[in-house]
Amino acid sequence: EIPVYIITPEDQQGNVLLSYVRALEAETWKQAEEDMKNEETFIGKVVGYNRGGLLVSYQELRGFVPASLLSFSRRPNTTGPNPEERFGHLIGEELELQIIEVDEERRRLIFSERAALNETREKVRDQVIEKLEVGDVRTGRITSLADFGAFVNINGADGLVHLSEISWDRLRHPGDELKVGQEVEVKVISIDEEKGHNGLSIRQLKDDPWQEMIDGLRVGQLVEAKITRLTKFGAFALLKSGVEGLVHISEISEEHIGHPKEVLREGDDVTLRIIKIEPESHRIGLSLRRVESLAYADMDMKILEEELEDSDVTVTREGEEEAPEA
């Protein structure tokens with residue numbers, strides 16, 4: 001026995017027009033009311049989308065899932081400049097949902113994936129963090145950019161890629177390298193379970209060009225460089241390999257000076273000695289005053305011998321060069 005609605009009065013032929021479809025819809029609205037009251041969940045198929053979310057089938061009706069009510073784990077994959085990029089890939093997918101609003105008069109039926117999964121942001125975040133370990137490499141999506149870094153969502157848990165961890169190059173702003181919605185591979189470098197904060201890095205998954213630039217350099221070696229800028233604490237110098245080092249003001253002259261400009265100028269070509277190499281912090285310490293230091297005489301001689309090893313010139317221990325007889 002199927003209930004029916006009479007939607008027109010008796011026509012001229014004495015027939016009554018019945019709507020089987022309207023009857024089914026009426027029963028579906030009633031069922032929706034019951035499901036909402038009992039907090040029942042159901043499986044609905046995504047049949048469309050609009051600017052604000054997804055259209056999902058529910059028996060004879062269609063309802064709406066606002067983007068804000070999709071699961072936290074799904075939302076990072078629903079970003080983009082237009083609805084097609086955000087939701088197009090979900091057409092035909094089945095979602096577990098719960099009805100949270102029924103208004104038959106306005107034909108308004110609202111679903112929530114978050115409610116169906118009993119999901120809160122904190123719960124999802126805690127579950128993801130529990131599975132993370134320092135050193136893990138994960139794929140996430142950029143959710144927002146700030147002056148100090150980029151926030152990346154990994155399956156529902158947000159982490160921060162500090163500005164210094166985005167690239168080996170110096171960046172003024174994360175937007176110089178990244179954009180919201182971009183999918184990125186990140187390395188977990190710190191976890192604070194109490195505060196729910198994750199420290200992430202993008203640059204640590206890339207080769208460090210600085211290591212290539214210092215290849216062949218060693219402490220005590222003499223190098224040719226160009227002074228690039230002066231500060232009150234020293235002078236920066238660019239080596240031919242492309243790496244920049246610092247000549248601290250105390251390493252410029254044997255005499256006390258108040259500012260590097262008393263001895264050096266930007267653009268000067270100088271010979272300097274490497275006195276420190278710090279790979280972890282990407283720092284090279286240089287010295288002008290130690291170029292002629294006797295403390296490095298033996299090292300200078302050894303390096304010179306290595307450079308002339310394949311030539312016809314020999315070097316004596318007294319430092320006198322001898323050319324072979326013709």
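Reckoned from all heavy atoms, side chains included, excluding hydrogens, waters and symmetry mates. Start at 1 with the first residue, then count along the sequence. Computed from a prediction, not measured in an experiment: that's the story for all the values here.
Glu254 and Arg290 are not joined by a salt bridge, as no carboxylate oxygen comes within less than 4.0 angstrom of a charged side-chain nitrogen. In summary, Glu113 and Arg74 engage in a salt bridge, as defined by a charged side-chain N under 4.0 Å from a carboxylate O. A salt bridge between Lys37 and Glu34 is absent, with no side-chain N of the basic residue lying under 4.0 Å from a carboxylate O of the acidic one. Between Arg108 and Glu101 there is a salt bridge, since at least one side-chain N of the basic residue sits less than 4.0 Å from a carboxylate O of the acidic one. We find that Glu224 and Lys240 are not joined by a salt bridge, their nearest charged nitrogen and carboxylate oxygen being 4.0 Å or further apart.
The two atoms that bring Ile100 and Ser112 nearest to each other are CG2-CB, 3.8 Å, heavy atoms only. Nearest heavy-atom pair, Arg107 versus Leu61, reported as atom, atom and distance to 0.1 Å: NH2-CD2, 4.1 Å. Lys226 and Asp269 make their closest contact through NZ-OD1, 2.9 Å (heavy atoms, listed as atom of the first residue, atom of the second, distance). Taking every heavy atom of both residues into account, Val65 and Leu70 meet most closely at CG1-CD2, 3.7 Å. Of all non-hydrogen atoms in Arg273 and Val291, the two that sit nearest each other are NH2-O, 2.7 Å. Between Ser144 and Val180, the shortest heavy-atom distance links the atoms CA-CG2, 4.0 Å.
Counted by atom type alone, Gln31 and Asp35 present one or more donor-acceptor pairs between their side chains at under 3.5 Å. Side chains of Glu244 and Thr228: a donor on one and an acceptor on the other come within 3.5 Å. No side-chain donor from either of Glu25 and Thr28 sits under 3.5 Å from a side-chain acceptor of the other.
When the shell of 6.0 Å around NZ of Lys179 is examined, it contains 12 or fewer heavy atoms from other residues, nucleotides or ligands. Within a 6.0 Å sphere centred on CD of Glu255, other residues, nucleotides and ligands contribute 12 heavy atoms or fewer.
With rounding to the nearest 0.5 angstrom, the CD1 atom of Ile43 is 7.5 Å from the CG atom of Leu97. For the atom pair NE2 (His256) and CD (Glu262), the distance works out to 8.0 Å, reported to the nearest 0.5 Å.
Taking the six-membered ring where the residue is Trp, the centroids of Phe42 and Tyr58 are separated by under 6.0 Å.
In this structure, the side chain of Gln211 does not engage the main chain of Asp208 through any donor-acceptor pair within 3.5 Å. Proximity of a side-chain donor or acceptor of Arg283 to a complementary backbone N or O of Glu278 within less than 3.5 Å is not detected. A donor-acceptor pair is defined here as one N or O able to donate and one able to accept, closer than 3.5 Å; such a pair exists between the side chain of Trp168 and the backbone of Arg203.
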